[in-house]
Amino acid sequence: MQPVQTISLSAAGNDSTPEQSWQSQLSGALRDPKALLAAVGLDERWLPGAEGGHHAFEVRVPQAYLSRIQKGNPNDPLLRQVLPLESEMHTVAGYVTDPLEEADHTPVAGLIHKYAARVLMITSGACAINCRYCFRRHFPYEDHAASRAQWGKTLDYLRHDDSLIEAILSGGDPLVSSDARLSWLVGELDAIPHLKRLRLHTRLPVVIPDRVDDAMLEWLGATRLQKVIVLHINHANEIDDSVMKACERLKGVGVTLLNQSVLLRGVNDNTEILAALSERLFEAGILPYYLHVLDPVAGAAHFDVPDHEARQLHEALRDRLPGFLVPRLVREIPGEQAKSPIEAWPVTPSSL
Ligand code: SF4
């Protein structure tokens with residue numbers, strides 16, 4: 001079974017001009033390994049790996065993102081994030097289907113309550129892009145269907161726990177949902193008096209910048225809740241002029257923009273690249289927030305950067321950037337009350 005749901009226009013809410021709408025870009029995302037290779041100018045030597053990985057976690061790349069990939073370059077840092085490789089099929093000890101043990105923290109279907117004062121709502125099981133390193137690539141979204149009935153139970157949970165001050169919309173990607181559904185949901189959250197903040201984790205403003213349209217800005221701008229959007233950007237090449245414009249529009253309705261990256265072998269495991277990413281993020285009005293080490297999810301071991309190397313990269317970054325451009329280097333440990341700084345992670349022979 002595919003871990004991420006199929007997107008249809010009706011699921012996304014087709015309420016704009018078909019040719020230009022974000023919905024048509026979403027439904028038209030490239031989803032065939034052979035077509036991906038053709039689009040990026042790679043020959044069929046890459047096909048067995050691409051098809052093997054696609055079988056486990058399907059290829060999905062929207063055109064707007066594809067256009068930023070350098071043709072004929074198998075090492076392009078954006079391509080590496082979306083092209084399945086043969087190594088995805090290797091079984092590697094310690095790499096599992098639920099690396100963060102989220103199944104143990106779902107009191108209500110569609111809701112993950114791991115940390116104090118905040119809960120995460122699985123708002124959609126679909127994404128606009130399928131990232132090969134995704135720690136939820138095996139998440140059983142079909143058990144957490146994002147229906148209104150399910151959201152009703154989630155909202156009841158939030159209403160009855162006044163220790164909660166922040167609702168986090170995640171997924172999949174929450175912005176795959178239609179504006180009508182999101183507007184309703186955010187309105188319900190708005191009416192819960194103890195909530196102060198709304199946070200969205202999304203890649204859509206990066207991979208389909210047209211998602212940030214008037215309809216979205218209307219419901220986002222209307223809520224009394226403080227708004228934070230955490231974007232997931234791993235390389236400066238992901239931020240083109242259209243992404244800059246989308247960020248500007250989000251800031252225009254009072255959104256605080258943060259970024260979290262994943263440290264990925266062959267994508268951004270280099271001080272120059274990480275420094276350029278921080279600089280480019282700041283140009284777009286986004287603060288670098290977290291640099292995560294890879295969660296050990298099955299199929300993604302080839303992206304791993306060992307802790308000692310991650311620390312060296314981070315130290316070099318601190319030496320060359322002002323503090324506000326240095327993201328915190330962290331990992332998520334199942335059962336911990338917050339992200340764990342890598343500096344606090346015990347050094348063991350196996351991590352050296
Ligand atoms: S957009 Fe986020 S949730 Fe979706 S595949 Fe990429 S990393 Fe995973």
Side-chain angles (χ1 to χ4, degrees), residues 1-7 11-12 22 25-27 29-31 33 36 53-54 56-66 68-69 77-85 88 95-100 102 110 112 120-142 144 146 168-177 199-209 211-212 229-235 238-239 243 246 258-265 267-268 277 289-300 302-304 330-332:
M1 182 172 296
Q2 296 293 352
V4 172
Q5 293 172 354
T6 299
I7 299 170
W22 65 266
Q25 295 181 52
L26 185 64
S27 63
L30 197 154
R31 295 168 64 182
L36 174 59
H54 170 74
F57 182 44
E58 81 166 7
V59 163
R60 189 189 301 266
V61 193
Q63 188 59 45
Y65 189 85
L66 200 58
R68 296 169 219 157
I69 293 174
L78 275 58
L79 178 62
R80 281 190 57 90
Q81 296 180 52
V82 295
L83 176 66
L85 299 178
E88 285 191 23
Y95 284 76
V96 297
T97 55
D98 182 12
L100 303 185
E102 292 187 319
I112 297 173
L120 184 148
M121 300 170 69
I122 300 290
T123 314
S124 161
C127 291
I129 188 166
N130 282 351
C131 313
R132 309 315 300 175
Y133 54 86
C134 180
F135 74 90
R136 291 205 183 111
R137 54 182 284 165
H138 306 281
F139 190 85
Y141 287 109
E142 64 280 4
H144 299 262
I168 304 171
L169 306 187
S170 184
D173 195 311
L175 290 180
V176 161
S177 300
R199 190 190 334 169
L200 284 85
H201 281 247
T202 177
R203 237 161 115 63
L204 252 159
V206 181
V207 303
I208 304 181
R211 176 63 183 95
V212 182
I229 290 186
V230 182
L231 298 163
H232 297 193
I233 304 172
N234 301 310
H235 194 283
E238 290 178 66
I239 306 174
V243 176
L258 304 174
N259 184 62
Q260 63 179 37
S261 309
V262 183
L263 184 59
L264 298 166
R265 177 70 78 207
V267 174
N268 57 12
L277 172 60
Y289 171 41
Y290 280 140
L291 176 61
H292 278 261
V293 293
L294 184 75
D295 296 310
V297 65
H302 56 290
F303 285 116
D304 185 53
V330 295
R331 73 154 26 88
E332 192 158 343

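Order of appearance sets the numbers: ligands from 1, and atoms from 1 within every ligand.
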**Q.** Atom indices of ligand 1 within 4.0 angstrom of Gly172 heavy atoms, with elements
**A.** 3 (S)
Q | His302 NE2 to Leu264 CG distance, which is reported to the nearest 0.5 Å | A | 9.0 Å
(Q) Show every salt bridge (charged side-chain N to carboxylate O under 4.0 Å, His left out) that has at least one partner inside residues 124-135, sequence neighbours left out. (A) Glu88-Arg132
Q) Considering all heavy atoms of both residues, which atom of Cys131 and which atom of Phe57 are nearest to each other, and what is their separation? A) O-CE2, 3.1 Å
Q.
Under 2.8 Å from atom 4 (Fe) of ligand 1 - does any N, O or S atom of Cys127 fall there?
A. yes
Q: Identify which of Arg136, Arg60, Arg203, His201 has a heavy atom lying nearest to atom 1 (S) of ligand 1.
A: Arg203
Q | Options Gly171, Gly125, Cys131, Ala128, ranked by nearest heavy atom to atom 7 (S) of ligand 1, top entry | A | Cys131
Q: For residues Val297 and Tyr95, report the shortest heavy-atom separation together with the two atoms involved.
A: O-CD2, 3.3 Å
Q) Just by distance, with hydrogens left out, do Ser170 and Arg136 show a side-chain donor and acceptor under 3.5 Å apart? A) yes
Q: Report yes or no: does Ile129 have a heavy atom closer than 4.0 Å to ligand 1?
A: yes
